[in-house]
Protein chains: 2
Amino acid sequence: MLTDRQKELIEKIGLVHEQEGLSPAVSRVLGLLLVSDQIELTFDEIRETLNLSKSATSNALNIAMKINRVEYITKPGDRKRYFRSKIHLWRENLMADYRKKACWADILKEVCKCRCSETKEFNHALTDLVDFVEYMSQEIPRLYKCWEQDKTK
Amino acid sequence: MLTDRQKELIEKIGLVHEQEGLSPAVSRVLGLLLVSDQIELTFDEIRETLNLSKSATSNALNIAMKINRVEYITKPGDRKRYFRSKIHLWRENLMADYRKKACWADILKEVCKCRCSETKEFNHALTDLVDFVEYMSQEIPRLYKCWEQDKTK
DNA sequence: TTTTTAGTTCTGCAACAAGAGAACTAAAAT
DNA sequence: ATTTTAGTTCTCTTGTTGCAGAACTAAAAA
């Protein structure tokens with residue numbers, strides 16, 4: 001079902017996902033749905049190829065769906081669910097990650113307001129950081145738009 | 001020692017740090033070193049203001065130093081260490097986070113090489129994603145340089 | 001030399017996460 | 001009506017994390 005190369009890639013993808021905080025099972029499911037020749041796989045196909053228990057498979061798939069990385073479709077006259085990667089959303093998820101950093105600007109601005117005026121250098125580094133976070137939070141979405149435009153032309 | 005507002009901010013900062021994967025103790029130490037009027041605090045000052053045990057304080061500080069968020073200085077004729085936020089490095093740490101995403105481009109390119117040619121739409125979404133990740137990984141450092149230049153002028 | 005200081009390390013516990021296996025469930029097939 | 005299918009949920013085990021409290025250590029002070 002899977003070549004050695006594919007298995008290797010699943011592990012490689014798995015490791016990076018684990019570093020990003022996902023569990024081994026979820027990480028491997030995401031990997032499998034990227035490298036598999038069939039992009040739509042059933043519960044049991046996933047369970048078997050990854051050697052997971054039913055519970056682990058069920059939980060992993062539900063988590064993967066909750067974090068918007070996997071969805072399933074059904075086929076007429078077939079009770080099984082066919083799970084597949086929501087790969088077209090990955091880009092949005094990446095952007096969401098970038099955007100999450102923006103909240104630091106607001107928090108750090110609040111800190112600035114409360115800081116005593118004696119610590120000049122520190123306060124300056126703080127406002128500098130706020131400026132940086134605001135700059136990046138503003139420019140990164142702009143970059144995104146640029147990329148989209150480049151693509152359409 | 002701390003106003004209510006400062007305590008509030010420590011918790012607020014703490015929560016965001018926890019969401020980023022740090023433990024409660026480390027998260028609060030980082031918060032304290034941002035909001036405290038004295039930017040250099042001793043072990044015992046940190047321990048007392050945060051109501052931590054010695055071991056928790058020790059571990060939290062060592063972790064905070066390992067992740068490059070805190071350092072300590074010493075003063076002549078004083079055995080105590082004075083811990084302080086490495087706030088000027090935060091910017092770099094943020095960039096490091098951004099840069100970490102770049103590795104997906106390489107992995108996903110490997111996936112592209114192994115994919116069967118039947119799944120045209122999927123493969124296209126994949127190469128599209130690779131292109132996006134590469135674009136962002138290239139442009140974000142450029143943004144950084146722009147920000148630095150804007151600042152000096 | 002003994003005591004104090006400024007931490008570190010060890011021990012133990014409570015809480016939680018990951019996953020296996022078995023029991024369960026609801027719909028569909030027979 | 002009963003069996004099969006396609007999962008879900010429960011129970012249990014194992015491992016990990018976060019922290020407190022106590023024991024420890026190495027350098028400095030008395």
Side-chain angles (χ1 to χ4, degrees), chain A residues 1 10-11 13-33 36 38 40-67 69-84, chain B residues 1 10-11 13-33 36 38 40-67 69-84:
Chain A
M1 180 98 195
I10 290 174
E11 292 309 312
I13 294 166
L15 284 184
V16 182
H17 274 128
E18 284 185 51
Q19 280 166 24
E20 292 184 353
L22 297 173
S23 76
V26 174
S27 301
R28 268 136 203 87
V29 168
L30 295 179
L32 173 59
L33 291 177
S36 169
Q38 301 160 249
E40 289 157 3
L41 292 175
T42 66
F43 186 97
D44 266 341
E45 284 168 343
I46 295 170
R47 219 203 79 250
E48 273 168 42
T49 53
L50 295 178
N51 285 304
L52 289 173
S53 68
K54 290 179 94 178
S55 59
T57 309
S58 176
N59 289 325
L61 282 170
N62 287 322
I63 290 169
M65 290 192 288
K66 205 155 56 189
I67 62 172
R69 296 289 308 276
V70 165
E71 65 188 344
Y72 67 83
I73 55 156
T74 51
K75 301 184 179 185
D78 187 344
R79 195 133 63 90
K80 289 194 274 298
R81 273 123 101 159
Y82 290 81
F83 297 92
R84 65 178 181 199
Chain B
M1 180 100 195
I10 290 173
E11 293 309 313
I13 295 165
L15 283 185
V16 182
H17 274 128
E18 283 184 53
Q19 280 167 23
E20 292 184 353
L22 297 173
S23 75
V26 175
S27 301
R28 269 135 203 87
V29 167
L30 296 179
L32 173 59
L33 292 177
S36 168
Q38 300 159 251
E40 289 158 3
L41 292 174
T42 66
F43 186 97
D44 266 341
E45 286 168 340
I46 294 169
R47 219 203 78 252
E48 275 169 38
T49 53
L50 295 179
N51 286 304
L52 290 174
S53 69
K54 290 179 93 179
S55 60
T57 309
S58 176
N59 288 327
L61 283 170
N62 286 322
I63 290 169
M65 290 192 289
K66 204 157 55 191
I67 61 173
R69 295 289 308 275
V70 164
E71 67 187 344
Y72 67 84
I73 56 155
T74 50
K75 302 185 178 184
D78 187 344
R79 195 132 64 90
K80 289 193 277 295
R81 273 124 98 159
Y82 291 81
F83 297 92
R84 65 178 182 199

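Just so it is clear: chains get the letters A, B, ... in the order the sequence lines come, proteins before strands, and each one is counted from 1. For the numbers below, each heavy atom of this structure counts, side chains included, while hydrogens, waters and symmetry mates do not.
- Side-chain contact between A:Val26 and A:His17: absent, with no pair of heavy atoms (C-beta onward) separated by less than 4.5 Å.
- Atom-to-atom, CZ of A:Phe43 to P of D:dT4 comes out at 20 Å; the value is rounded to the nearest Å.
- In this entry the distance linking NZ of A:Lys80 with P of D:dT4 reads 16 Å, nearest Å.
- Contact annotation: the side chain of A:Leu50 never approaches that of A:Thr57 to less than 4.5 Å [non-hydrogen atoms, C-beta and beyond].
- For B:Arg81, a side-chain nitrogen or oxygen approaches OP1 or OP2 of C:dG7 to under 4.0 Å.
- An OP1 or OP2 oxygen of C:dT8 is reached within less than 4.0 angstrom by a side-chain nitrogen or oxygen of B:Ser58.
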(message) What does the B/S/- profile of nucleotides 11-30 of chain D look like, 5' to 3', with a 4.0 Å heavy-atom cutoff to protein?
(response) -------SSBB-----BS--

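- The nearest whole Å value for the distance from the CG atom in B:Leu41 to the P atom in C:dA6 is 14 Å.
- Nucleotide C:dA6 holds its P atom 12 Å from the CZ atom of B:Phe83, rounded to whole Å.
- The CG atom of B:Asp44 sits 10 Å away from the P atom of C:dT5 (whole-angstrom rounding).
- Atom CZ of A:Arg47 is separated from atom C1' of D:dG7 by 11 Å (rounded to the nearest Å).
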(request) Decide side-chain contact (heavy atoms from CB on, under 4.5 Å) for A:Tyr82 and A:Leu41; before the verdict, give the C-alpha distance in whole Å, the side-chain angles of both, and the deciding distance to 0.1 Å. (result) CA-CA 5 Å; A:Tyr82 290 81; A:Leu41 292 175; over 6 Å; no

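- In this structure, B:Thr49 contributes its side chain and B:Glu45 its backbone to a donor-acceptor pair below 3.5 Å.
- Between the CG atom of A:Asp78 and the C1' atom of D:dA6 there is a distance of 10 Å, rounded to whole Å.
- Rounding to whole angstrom units, NZ of residue A:Lys66 and P of D:dT8 are separated by 12 Å.
- With sequence neighbours left out, the side-chain hydrogen bond (donor to acceptor under 3.5 Å, both in side chains) criterion links B:Glu11 to B:Arg28.
- Looking only at side-chain heavy atoms (C-beta outward), B:Gln38 and B:Met1 come within less than 4.5 Å of each other.
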